[in-house]
Amino acid sequence: MLKKGSKLNSILTGTCPRCQEESMYVDQNPYHLKEIYSMHEHCSHCGLHYQIEPSFFYGAMYVSYGLTVAIGVAVFIIAKVFLGLDLVTSFIAIIAGLIVLMPITARLARNIYINIFVHFDKDAVKK
């Protein structure tokens, strides 16, 4: 499932979508909040320029919105249905869950967005 060459591998690991050899991010830990959006300009293995056009990653906001809604619904269902919490406590759980997962959601949205436009190429690695 997470074999090299799959989009899911690149999305979950944050590696270059073309060669999947190098992390796109300067600091791989998303919870170092000062470095959350710090990316390399290009891949050192295949030369892919990550910011394909100016303001490219603004489109990732739409992906982030979808991820945030999905997480909010999932947390609400877990809190209300499975844990039996009242409505106010369920909404507090949603807010807490979204705050805790925000760094992961932000990076995941960027990973998904760039993988929509760039595909794996096994021949892309410079020799």
Side-chain angles (χ1 to χ4, degrees):
M1 179 166 70
L2 287 180
K3 64 180 183 171
K4 186 174 177 179
S6 70
K7 292 225 179 258
L8 191 58
N9 178 42
S10 177
I11 289 169
L12 294 179
T13 60
T15 55
C16 172
R18 184 186 292 159
C19 69
Q20 296 184 3
E21 293 287 331
E22 175 184 74
S23 174
M24 293 188 295
Y25 300 98
V26 174
D27 185 357
Q28 291 186 356
N29 185 350
Y31 287 99
H32 292 155
L33 298 179
K34 286 186 177 183
E35 301 291 324
I36 190 169
Y37 293 117
S38 297
M39 297 178 71
H40 299 287
E41 282 194 37
H42 56 77
C43 178
S44 64
H45 292 289
C46 68
L48 174 69
H49 189 68
Y50 295 130
Q51 186 135 351
I52 297 170
E53 59 186 36
S55 304
F56 174 72
F57 286 108
Y58 281 138
M61 289 187 303
Y62 297 104
V63 177
S64 178
Y65 174 74
L67 288 172
T68 302
V69 169
I71 291 169
V73 169
V75 170
F76 179 77
I77 290 172
I78 291 169
K80 185 76 174 143
V81 175
F82 295 116
L83 299 178
L85 301 177
D86 62 39
L87 195 60
V88 173
T89 309
S90 297
F91 280 111
I92 292 171
I94 291 171
I95 293 168
L98 291 177
I99 289 172
V100 169
L101 294 175
M102 187 279 302
I104 293 172
T105 305
R107 285 215 177 159
L108 201 57
R110 280 186 170 213
N111 297 349
I112 291 170
Y113 192 69
I114 196 168
N115 271 278
I116 291 171
F117 298 102
V118 180
H119 305 288
F120 178 74
D121 182 6
K122 64 181 178 190
D123 300 322
V125 180
K126 293 179 183 176
K127 302 287 184 200

Say whether, by atom type as modelled, one donor and one acceptor occur between the side chain of [X] and the main chain of [Y] under 3.5 angstrom.
X      : Y      : answer
Thr13  : Asn9   : yes
Tyr31  : Val100 : yes
His49  : Glu41  : yes
Ser6   : Lys3   : yes
Lys122 : Gly5   : no

*asked:* For a quick test of reading the model, state the closest non-hydrogen atom pair linking Ala79 to Ala93 and the distance between them.
replied: CB-CB, 4.3 Å
*Can you see which heavy atom on Val26 is nearest to which on His40, and at what distance?*
CA-NE2, 3.9 Å
Determine, using the 4.5 Å side-chain heavy-atom cutoff (strictly less than), whether [X] and [Y] are members of one ILVMFWY cluster.
X     : Y     : result
Val63 : Phe57 : yes
Ile92 : Ile99 : no
Leu83 : Val73 : yes
Val81 : Ile78 : yes

*Under 4.5 Å between side-chain heavy atoms, chaining through other members, with only Ile, Leu, Val, Met, Phe, Trp and Tyr counted: pull out the rest of the cluster around Tyr58, sorted by chain and number.*
Met61
_Ring centroid separation Phe91 to Phe76 under 6.0 Å_ =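 Ring centres of Phe76 and Phe91 closer than 6.0 Å.
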Got a second to check how far [X]'s [atom1] is from [Y]'s [atom2], nearest 0.5 Å?
X      : Y      : atom1 : atom2 : result
Leu12  : Ile112 : CG    : CD1   : 8.5 Å
Ile104 : Leu67  : CD1   : CG    : 11.5 Å
Phe120 : Ser10  : CZ    : OG    : 9.5 Å
Met24  : Cys16  : CE    : SG    : 7.5 Å
Cys46  : Glu22  : SG    : CD    : 8.5 Å
Tyr113 : Leu108 : OH    : CG    : 15.5 Å

*Testing Ile95, Ile94, Leu101 for side chain to side chain contact (heavy atoms under 4.5 Å, CB included) with Leu98, which one passes?*
Ile94
Do the side chains of [Y] and [X] get nearer than 4.5 Å, heavy atoms only?
X     : Y      : answer
Pro17 : Leu48  : yes
Lys34 : Asp27  : no
Leu33 : Pro103 : yes

*Between Thr89 and Asp86, is any side-chain donor less than 3.5 angstrom from a side-chain acceptor?*
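The criterion, which ignores hydrogens and geometry beyond distance, is satisfied for Asp86 and Thr89.
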*If we ignore angles and hydrogens, is there a donor and acceptor under 3.5 Å between the side chains of Thr15 and Gln20?*
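Not at all, the side chains of Thr15 and Gln20 share no donor-acceptor pair under 3.5 Å.
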*For Phe117 and Phe56, what are the C-alpha separation, side-chain angles and deciding distance, and is it a ring-ring contact (aromatic ring centres under 6.0 Å, His included)?*
CA-CA 11 Å; Phe117 298 102; Phe56 174 72; 5.6 Å; yes
*In this structure, are over 12 heavy atoms from other groups packed under 6.0 Å from Gln51 atom CD?*
yes
*With sequence neighbours left out, write down each residue that passes side-chain contact (heavy atoms from CB on, under 4.5 Å) with Tyr25, or none if nothing qualifies.*
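Scan of Tyr25 (side-chain contact (heavy atoms from CB on, under 4.5 Å), adjacent residues dropped) gives Ser23, Met39, Arg107, Arg110, Asn111.
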